[in-house]
Amino acid sequence: MTGNLTYSGDRTLPKSATARVSMFEHREDGGDKRIVAERSLHELGKKPIEFDIDVARDLIDPEGRYGLRAEILDTEGNILWQTRDAATIKPLEKRDAVSLQLKPVLKESSLEFKKYQCDDGFLLSAAERDDRAIVKLGNRRLVLKESASGSGGRYTDEHNNSLDNSNDQMAVVIDDEKHADCKPFTETAAGGQGKPHAVGDPANSGITVPPEASAADNGKPENKGAVVTGNDTDVTQKPQKAN
């Protein structure tokens, strides 16, 4: 399969920038089932950026649903541009080259993050801008896209994570767990008793956490080390919960 990448704006790519193109199979519920193939591109040059992906036929399910997306990264692995919507493809059928349009990623420095505590003690930081919401859980960062429902204030991603702020009462679903009635949180709001522990806080489980780690920044300890960036499907598998 062949195609090309193009991106908005006239910004010049860093000399050592790379691009990554991923072919994935959808689950029946719309999320990602698996990554079928990936291609990394170097020495990108000027747009459009040409690419090709070779996939063995025995890796393709004739009844499966497949998509293609891409991102451009700087030398430190930060995503500069990415596809907002995956292109639907049929790998077993011959077709013209696929053209993927990449959009710039919002810079966190331009966003106003607020901390929230949900009714079960779950802690998170979130910011909304245009048709995107970004949720931060320590080192983990989720970029959610506004739902097509048209109600406004509801955001989701391909992994069924979501943030719903449509009724002036925030609720989130992270890794299939719902946390409701999330309200703005500050240390003074805790009544001078210090920060409450998040669900599964290592302080209550015997797990040793470096001093700089913070429950307020991490949401749940099992999220530490699991990094999701934008719509990237290269998701580090979550460590197993401590017994």
*Kindly indicate whether the side chain of Met1, heavy atoms from C-beta on, has any atom under 4.5 Å from the side chain of Val98.*
yes
*Taking C-beta and beyond as the side chain, do Leu123 and Cys118 meet within less than 4.5 Å on heavy atoms?*
no
*Check whether any side-chain heavy atom of Lys115 lies under 4.5 Å from a side-chain heavy atom of Pro184, and answer yes or no.*
no
*What distance separates Gln117 CD from Lys183 NZ, expressed to the nearest 0.5 Å?*
10.0 Å
*Can you name the nearest heavy-atom pair linking Gly153 to Glu146, along with the distance?*
N-OE2, 3.9 Å
*For Lys47, which residues count as a side chain to side chain contact (heavy atoms under 4.5 Å, CB included) partner, sequence neighbours excluded?*
Thr6, Tyr7
*List for me each residue that meets side-chain hydrogen bond (donor to acceptor under 3.5 Å, both in side chains) alongside Gln169, sequence neighbours excluded, and say none if there are none.*
Asp181
_Trace of the side-chain contact (heavy atoms from CB on, under 4.5 Å) decision for Ile174 with Leu142_ = CA-CA 10 Å; Ile174 306 295; Leu142 305 177; 3.7 Å; yes
_Just to verify, what does Asp61 make a side-chain hydrogen bond (donor to acceptor under 3.5 Å, both in side chains) with, not counting sequence neighbours?_
none
*What residues, two or more places apart in sequence or in another chain, satisfy salt bridge (Lys or Arg N to Asp or Glu O under 4.0 Å) together with Lys145?*
Asp85
*Do Val173 and Phe122 belong to the same hydrophobic cluster, where Ile, Leu, Val, Met, Phe, Trp and Tyr are linked whenever their side-chain heavy atoms lie under 4.5 Å apart, directly or via other members?*
no
*With sequence neighbours excluded, tell me which residues meet ring-ring contact (aromatic ring centres under 6.0 Å, His included) with Tyr66.*
none
*asked:* When you group the ILVMFWY residues by side-chain heavy-atom contacts below 4.5 Å and let the links chain together, are Met23 and Leu92 in the same group?
replied: yes
*Got a second to check how far Leu163's CG is from Leu124's CG, nearest 0.5 Å?*
7.5 Å
*Phe24, Ile89: one ILVMFWY side-chain cluster at the under-4.5 Å cut-off?*
no
_Tyr155 side chain near Glu128 side chain, heavy-atom distance below 4.5 Å_ = yes
_Nearest 0.5 angstrom please: Glu71 CD to Leu5 CG, how far?_
10.5 Å
*Step by step, work out the side-chain contact (heavy atoms from CB on, under 4.5 Å) result for Ile72 and Thr18.*
CA-CA 6 Å; Ile72 296 175; Thr18 60; over 6 Å; no
*Write down the atom of Glu25, the atom of Gly64, and the distance for their closest heavy-atom approach.*
OE2-CA, 3.8 Å
*Could you walk me through whether Val172 and Asp164 pass the side-chain contact (heavy atoms from CB on, under 4.5 Å) test, one step at a time?*
CA-CA 6 Å; Val172 296; Asp164 190 341; over 6 Å; no
*Backbone N or O of Asp175 within a donor-acceptor pair of the Asn161 side chain at under 3.5 Å?*
yes
*Tell me, which pairs form a ring pair (Phe, Tyr, Trp, His ring centres under 6.0 Å) where one or both residues lie in residues 124-146, sequence neighbours left out?*
none
*List the atom of Ala171, the atom of Cys182, and the distance in Å for their closest heavy-atom pair.*
CA-SG, 4.3 Å
_Shortest non-hydrogen separation from Ser16 to Thr75 and the atoms involved_ = CB-CG2, 3.1 Å
*Approximate separation, where rounding is to 0.5 Å, of Leu13 CG and Leu80 CG*: 7.5 Å
*Say whether Trp81 and Ile134 are linked into one hydrophobic cluster, either directly or through other cluster members, by side-chain heavy-atom distances under 4.5 angstrom.*
no
*In terms of hydrophobic clustering (I, L, V, M, F, W, Y; side-chain heavy atoms under 4.5 Å; direct or indirect links), are Leu41 and Leu73 co-clustered?*
no
*Pairwise side-chain contact, Ser40 with His42, heavy-atom cut-off 4.5 Å (strictly under)*: yes
_Spacing of Asp157 atom CG and Arg132 atom CZ [to the nearest 0.5 Å]_ = 11.0 Å
*Evaluate the side-chain proximity of Leu68 to Leu100: yes if any heavy-atom separation is below 4.5 Å, no if none is.*
yes
*Please assess Ser125 against Lys114 for the test side-chain contact (heavy atoms from CB on, under 4.5 Å), listing each intermediate value before the final yes or no.*
CA-CA 5 Å; Ser125 296; Lys114 295 181 180 180; over 6 Å; no
_Would you say that Val36 contacts Ser22 through its side chain, given a criterion of any heavy-atom pair below 4.5 Å between the two side chains?_
no
*Who are the side-chain hydrogen bond (donor to acceptor under 3.5 Å, both in side chains) partners of Thr2, not counting sequence neighbours?*
none
Enumerate, atom names and distances included, each donor-acceptor pair closer than 3.5 Å involving a side-chain atom of residues 49-60, sequence neighbours excluded.
| unit_1 | atom_1 | unit_2 | atom_2 | d |
| --- | --- | --- | --- | --- |
| Asp52 | OD1 | Arg39 | NH1 | 3.0 |

